[in-house]
Amino acid sequence: MRSGAPTAPARLDRPPRAELGDYSTNLPLLLAGSIGDSPRAVAERLGALLSERLGADLERVEVAGPGFLNLFMAATWWRRAAGDTLKAGASFGAGGAQPPERMLLEFVSANPTGPLTVASGRHAAYGDSLARILGFHGHAVEGEYYVNDQGGQIDRFAESIRARARGEEPPEDGYKGAYVIELARRIEGADELELDELARLGVASMVEEIQATLDRAHVSHERFFSERSLHESGALDRTLGLLEERGALYRHEHALWLRTSAYGDDKDRVLRRSNGELTYFASDIAYHEEKRARGFDRLIDVLGADHHGYVRRMLAAWQALGGDPERFELVIMQLVNLLERGQRVQMSKRGGEFVTLDELIEDIGVDAVRFFLVQRSHETTLDLDLALARAQSQDNPVYYVQYAHARIASILRNAGAERVREALDANLTRSSGDLHPSELGLLKRLLELPAEVAVAAERRAPHRIAAYAHEAAQDFSAFYRDCRVVGAAEDGGDEIFRIALCVHAGRVIATALELLGVSAPEQM
RNA sequence: GCCCCCGUAGCUCAGCGGAUCAGAGCGAGGGACUUCUAAUCCCUAGGUCGCAGGUUCGAAUCCUGCCGGGGGCGCCA
């Protein structure tokens, strides 16, 4: 667009109230400026044009407010839309990514020094749902878990296991949770193994547990990537060499520094300490260089709020490696505050006092956990009162959505396979007559799925799908209340059309739940 | 000191690439089960969208400042 053209995007919206039309556009408002005519006049002209073009599909247009154009579609248009989308089957809403990309999504990556906490659970629920949404939208997504299986914390972890194996208390800065005792018991000869070997075994055991927990949470990663392997494969040395070649390194007071400040960081960062040890940051850079070499179109890291200070330096390092900053996203997840009857529950792996993801799943069920943890935007702190979550398990929104799905299944069972098949094959535009407002409301909602998926994918916002699923369930409930399906003729409805609508609604709700990793039961 | 997130109905929060955006759920009060699942549905909330400026024909939505809450700022990971 040339200068003088509107800068705001033209939109086709669904007005907040049905009386305002089926669709509305702000186009006249945007065009008025460059055309040099009043918005309402532009709206009049555009409306006339649309009426001509759309013919019988358009019932009428109205110019409203400062210059909106509200469109009222005819019943036949809706019937055709229903028929068309029904043909798309379970893939309705899929695809559309512009352009489709190969993505690597790193999420959870919790230290293998203890069980996953509820905070990790939020990362898991978010990351896994995001991966599903991005994939459904047409991207090729791989999920990855970075295992920090080396470094000072792992040493302390090993020391803690050994102490427990010897019946002693863990060191002051060690891991004091009861699970370490269990771990010590499970590892044979833990009291006299070399620390390095003990660390290896302890981490392996912990990673296994973490994987089992993730399985229970229906969260999957394509790959677990070991930090240690970067050292062993020489990847770390190669990365340092690369940075050296690019002139990004320098030595100062016996330490090796990366010039991250050249790429927007506040100050430079140490890669090799004066005592000769490499920092965590150094391996992380090697890890990202490794990811880069694998040739993805885009990397997304999901990090905890406590890592936000890390974002700038990681991006700087990425650029120092020659990476395109547009192709590397760092998503910061805000915290989960766990409350128990209003009391804050402390979450520290070393302190050993925390609520695990396993416990939460045990408490309220996987479906509720998944739904709860992605219900709120990842950018906002999530307060989760455990007592409340337990008590609410009956009124939990997830049950509401699942119930709608089960109810649809029940109706379709009632209608019988024969009628359902008939509905799927029927030409829905054959019958005429107006749609019931609740039929229309539901249909409109179902037609929004592709747009909702697109927004959720583009903004990395799974919570939108949770909200959408709930809205779809609400609209179905209204439809159920007002419109008899089996035996619709009794109140003047079209049974075939309504069965088709049920099939469609069931698929859409199932799709939304699937994107959240929540089951869609046939009966409850 | 610097950085991040938040401040919207009693509570938990959506909305925040501006206009038709003042919403949902829960809680509370009152109704509805000879009806395809009552794990449901219907009615009842009048909240200065933290405060003050600014940009705009138009701001909860963008900008600035301030107040309040949470978190982070290591040659830890």
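So that the names make sense, note that chain A is the first sequence line, chain B the second, and so on, each numbered from 1. Hydrogens, waters and symmetry mates play no part in the numbers below; they use all other heavy atoms, side chains included.
- For A/Gln375 and A/Gln150, each mapped to the nucleotide of RNA chain B holding its nearest heavy atom, the one lying further toward the 5' end belongs to A/Gln375.
- Taking the six-membered ring where the residue is Trp, the centroids of A/Phe225 and A/Tyr287 are separated by under 6.0 Å.
- Distance from the side chain of A/Arg273 is smallest for B/A77 among the nucleotides B/U12, B/C3, B/A77.
- The CG-P distance, from A/Leu384 to B/C26, rounds to 17 Å in whole Å.
- For RNA chain B, the residues of residues 248-272 of chain A within the heavy-atom distance limit of 4.0 Å (strictly under) are A/Glu253, A/Ala255, A/Trp257, A/Lys267, A/Val270, sorted by number.
- Contact of A/Thr380 with B/C5 (side chain to base): no donor-acceptor pair of N or O atoms is detected under 3.5 Å.
- Rounding to whole angstrom units, CG of residue A/Asp482 and P of B/U35 are separated by 18 Å.
- Rounded to whole Å, the separation between the P atoms of B/C57 and B/C16 comes to 24 Å.
- Residues of residues 454-471 of chain A that place a heavy atom closer than 4.0 Å to RNA chain B, in numerical order, are A/Arg459, A/His463, A/Arg464, A/His470.
- With A/Tyr480 as the aromatic partner, A/Arg407 meets the cation-pi criteria of under 6.0 angstrom to the ring centre and within 45 degrees of the ring axis.
- Residue-level contact check: A/Glu62 touches neither bases nor backbone, having no heavy atom under 4.0 Å from any strand.
- Every salt bridge (charged side-chain N to carboxylate O under 4.0 Å, His left out) that A/Arg419 has, sequence neighbours left out, goes to A/Glu422, A/Glu495.
- The side chain of A/Gln474 contributes an N or O atom lying less than 4.0 Å from OP1 or OP2 of B/G25.
- For the pair A/Leu382 CG and B/U12 C1', the computed distance is 9 Å after rounding to whole Å.
- For A/His308, the listed nucleotide lying nearest its side chain is B/G71; candidates were B/C6, B/A77, B/G71.
- Between the OH atom of A/Tyr310 and the P atom of B/G72 there is a distance of 17 Å, given to the nearest Å.
- In this entry the distance linking CD of A/Gln334 with P of B/C3 reads 16 Å, nearest Å.
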